[in-house]
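Heads up: the structure comes next, in structure tokens.
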Amino acid sequence: MASSSSFRMTFSVVFLIIIGMASAELSSSYYNTSCPNALSTIKSAVNSAVAKESRMGASLLRLHFHDCFVNGCDASILLDDTSTFTGEKTANPNNNSARGFDVVDTIKSDVESICPGVVSCADILAVAARDSVVALGGPSWTVLLGRRDATTASLSAANSDIPSPSLNLSGLISAFSKKGLSTKEMVTLAGAHTIGQARCTNFRSRIYNETNIDTSYATSLKSNCPRNGSDNNLSPLDTTSSTSFDYAYYKNLVNKKGLLHSDQQLYNGGSTDSQVSGYSSSSSTFLSDFKSAIVKMGNISVLTGTSGEIRTNCRKINS
Ligand code: HEM
Ligand SMILES: *[C@@H]1O[C@H](CO)[C@@H](O)[C@H](O)[C@H]1NC(C)=O
Ligand SMILES: *[C@@H]1O[C@H](CO)[C@@H](O)[C@H](O)[C@H]1NC(C)=O
Ligand SMILES: *[C@@H]1O[C@H](CO)[C@@H](O)[C@H](O)[C@H]1NC(C)=O
Ligand SMILES: *[C@@H]1O[C@H](CO)[C@@H](O)[C@H](O)[C@H]1NC(C)=O
Ligand SMILES: *[C@@H]1O[C@H](CO)[C@@H](O)[C@H](O)[C@H]1NC(C)=O
Ligand SMILES: *[C@@H]1O[C@H](CO)[C@@H](O)[C@H](O)[C@H]1NC(C)=O
């Protein structure tokens with residue numbers, strides 16, 4: 001009797017382990033035994049980077065987005081170009097724009113020193129995005145873990161799948177739908193533009209040519225973004241509080257103070273106006289929706305099990 005019950009017990013444990021390994025599901029406890037200090041190590045490094053430069057929190061959040069929208073959350077955005085390999089860093093949405101790669105290198109070397117070969121670069125991006133939002137006063141959420149790193153990248157997918165700021169509402173809806181995200185989730189995730197900066201080249205036509213913009217807001221942006229030149233001059237995406245992760249982005253939209261064409265598309269007489277006005281008067285609704293939507297974004301086409309690899313250096317495929 002005793003031996004048959006212990007057999008059943010052993011059998012169930014083995015069965016559960018096999019099921020666990022075969023599963024493509026991410027899990028919040030993925031590193032609990034293999035690297036128990038992984039999350040605290042990442043958080044410390046993010047906190048010091050954001051303390052040094054608050055914009056870095058925005059830049060790290062955006063890296064996770066640009067990673068996930070290009071063939072899934074697989075750290076493909078982190079691969080450097082070489083003479084024989086073209087990555088995603090020079091794609092239009094990333095070139096002279098995506099930043100935070102040195103901070104990711106620091107985080108990776110910190111986690112490699114405690115648990116070599118265990119923590120993926122893709123998971124680092126997902127955790128750093130959450131820690132960045134928290135460091136800038138936003139909500140926290142449980143990050144699901146167990147992503148593995150790609151051995152490929154795609155310049156063409158980066159150019160086609162990361163949404164452009166010139167898109168109209170239907171273009172934005174399609175870009176997110178293509179990634180399994182709803183219109184509602186798109187409007188929620190765009191609230192990430194409550195932090196960070198954009199370059200003049202991405203909002204020039206909006207401030208000189210569009211009519212659904214507050215006149216004094218448009219005027220105030222022109223000195224730093226002339227008609228010709230100064231393409232890389234920066235202005236805050238959230239004109240009121242670009243280093244606080246809050247709901248001011250939606251209040252700006254209701255006041256016609258979206259910086260990008262794409263931002264104002266979310267409140268321009270279309271089907272998403274009601275969601276924007278709802279968020280503009282309810283911080284808690286936005287913050288709680290954001291937590292679910294970003295967990296879903298972080299789950300796009302992840303590599304698990306034996307797919308991909310755990311890169312040693314986030315910039316290079318293991319040799
Ligand atoms: C809805 C479609 C979206 C479009 C069209 C879009 C477009 C842009 C553009 C053009 C910039 C400025 C880049 C530059 O001028 O160098 C930007 C910045 C940023 N985006 Fe988005 N974005 C979108 C959605 C998102 C999402 C879903 C997230 C994250 C969840 C995000 C996070 C950010 C952040 C944090 C910045 C500031 C980065 C920094 O200061 O370094 N964006 N985005
Ligand atoms: C994993 O670790 C976290 C943080 O220490 C803890 O909250 C959680 O309960 C652990 N989960 C499991 C399944 O052990
Ligand atoms: C990326 O930016 C650099 C520096 O501005 C520029 O020389 C290069 O042509 C750009 N690359 C692409 C592919 O646009
Ligand atoms: C949105 O943009 C697409 C592609 O540029 C265009 O075909 C479509 O007519 C536009 N839709 C609206 C409602 O303006
Ligand atoms: C404004 O629109 C006109 C006409 O389409 C165009 O020629 C001009 O380049 C635009 N200006 C800016 C700053 O985008
Ligand atoms: C800006 O460029 C336009 C045409 O490209 C030109 O007509 C205008 O004189 C330029 N303005 C300045 C201030 O250089
Ligand atoms: C993540 O994706 C997997 C596979 O598509 C799915 O089974 C799971 O429910 C998703 N989890 C979340 C939190 O979205």
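Counting starts at 1 for both ligands and their atoms, following the listed order.
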Need the ligand 1 atom indices (1-based, order shown) with element for anything under 4.0 Å from a heavy-atom of [X].
X	result
S262	5 (C)
L237	18 (C), 19 (C), 36 (C), 37 (C)
L260	7 (C), 8 (C), 9 (C), 10 (C)
G196	37 (C), 40 (O)
S164	5 (C)
L189	26 (C), 27 (C), 30 (C)

For [atom], what is the nearest protein heavy atom, given as residue, atom name and distance?
atom	answer
atom 16 (O) of ligand 1	S97 OG, 2.5 Å
atom 12 (C) of ligand 1	A198 CB, 3.5 Å
atom 13 (C) of ligand 3	T90 O, 3.5 Å
atom 41 (O) of ligand 1	S59 OG, 2.7 Å
atom 25 (C) of ligand 1	F65 CE2, 3.2 Å
atom 3 (C) of ligand 1	P163 CG, 4.0 Å
atom 35 (C) of ligand 1	A58 O, 3.2 Å
atom 6 (C) of ligand 3	N95 ND2, 4.2 Å
atom 29 (C) of ligand 1	A192 CB, 3.3 Å

* **Full working for side-chain hydrogen bond (donor to acceptor under 3.5 Å, both in side chains) between D123 and Y30** => CA-CA 10 Å; D123 279 347; Y30 193 79; over 6 Å; no

* Using a distance-only test with no angle check, is there a side-chain donor-acceptor pair under 3.5 angstrom linking S292 and E185? ->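 S292 vs E185: no donor-acceptor pair found between side chains.
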
Which value, rounded to the nearest 0.5 Å, describes the distance between [X] atom [atom1] and [Y] atom [atom2]?
X	Y	atom1	atom2	value
K291	R130	NZ	CZ	11.5 Å
R206	C225	CZ	SG	12.5 Å
D246	T240	CG	OG1	6.0 Å
N92	N159	CG	CG	4.5 Å
I195	D238	CD1	CG	10.0 Å
L63	F101	CG	CZ	5.0 Å

* Is ligand 1 under 4.0 Å from a heavy atom in the side chain of L172, in the backbone, in both, or in neither? ->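 The part of L172 near ligand 1 is the side chain, not the backbone.
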
* Taking non-hydrogen atoms only, is T201 closer than 4.0 angstrom to ligand 1 via side chain, backbone, both or neither? ->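 For T201, no heavy atom sits under 4.0 Å from ligand 1.
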
* To do: Any chance you could lay out the side-chain contact (heavy atoms from CB on, under 4.5 Å) test for L253 and Y279, step after step, and finish with the verdict?
  => CA-CA 10 Å; L253 296 185; Y279 286 165; over 6 Å; no

* Smallest separation among heavy atoms of A135 and V50, with atom names ->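 Looking at all heavy atoms of both residues, the shortest contact is CB-CG1, 4.0 Å.
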
* Do you see a protein non-hydrogen atom under 4.0 Å from atom 11 (N) of ligand 4? ->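 Yes.
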
* Mark whether atom 4 (C) of ligand 4 lies under 4.0 angstrom from at least one protein heavy atom. =>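 There is no protein heavy atom less than 4.0 Å from atom 4 (C) of ligand 4.
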
* If the plane angle is over 60° it's perpendicular, under 30° parallel, otherwise tilted; pick one for F176 and F65. =>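 If you compare the ring of F176 with that of F65, the planes turn out parallel.
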
Less than 4.0 Å between a side-chain N and a carboxylate O, is that true for [Y] and [X]?
X	Y	answer
D231	R199	no
D81	K89	no
D263	K257	no

* Asked: Taking atom 20 (N) of ligand 1 as the point of reference, which of K179, H193, M56 owns the nearest heavy atom?
  ->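 The nearest heavy atom belongs to H193.
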
* **The one among R55, Q265, H64, R62 that brings a heavy atom closest to atom 39 (C) of ligand 1** =>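 Considering heavy atoms of R55, Q265, H64, R62, the nearest to atom 39 (C) of ligand 1 sits in R55.
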
* **Close-contact set for ligand 4 against S170 heavy atoms, below 4.0 Å** =>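 Close to S170: 1 (C), 11 (N).
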
* Asked: Of all the atoms in ligand 4, which lie at a distance below 4.0 Å from a heavy atom belonging to N168?
  ->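 Listed by number with element, the hits are 1 (C), 2 (O), 3 (C), 8 (C), 10 (C), 11 (N), 12 (C), 14 (O).
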
* Asked: Is a donor on one side and an acceptor on the other found under 3.5 Å between the side chain of Q264 and the backbone of G258?
  ->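 Judged by distance alone, yes, a pair lies under 3.5 Å.
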
* Polar atom proximity, N96 to ligand 3 (N or O, under 3.5 Å) ->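 Indeed, backbone or side chain, N96 has an N or O that close.
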
* **Polar proximity ligand 3 side, N92 side, N/O cut 3.5 Å exclusive** =>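 N/O-N/O distance below 3.5 Å does not exist for this pair.
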
* To do: Please verify whether a non-hydrogen atom of F203 lies at under 4.0 Å from ligand 1.
  =>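 Not so, F203 does not reach ligand 1.
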
* Mind running ring-ring contact (aromatic ring centres under 6.0 Å, His included) on F245 and F290 for me, showing each step along the way? => CA-CA 11 Å; F245 195 100; F290 188 83; 4.9 Å; yes

* Asked: Has ligand 1 got any nitrogen or oxygen that is less than 3.5 angstrom from a nitrogen or oxygen of Q197?
  ->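 Looking only at distances, the answer is yes, because the N/O contact criterion of under 3.5 Å is met.
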
* So is N96 polar-close to ligand 1, meaning N/O to N/O under 3.5 Å? ->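 No, since none of the N or O atoms of N96 sits under 3.5 Å from an N or O of ligand 1.
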
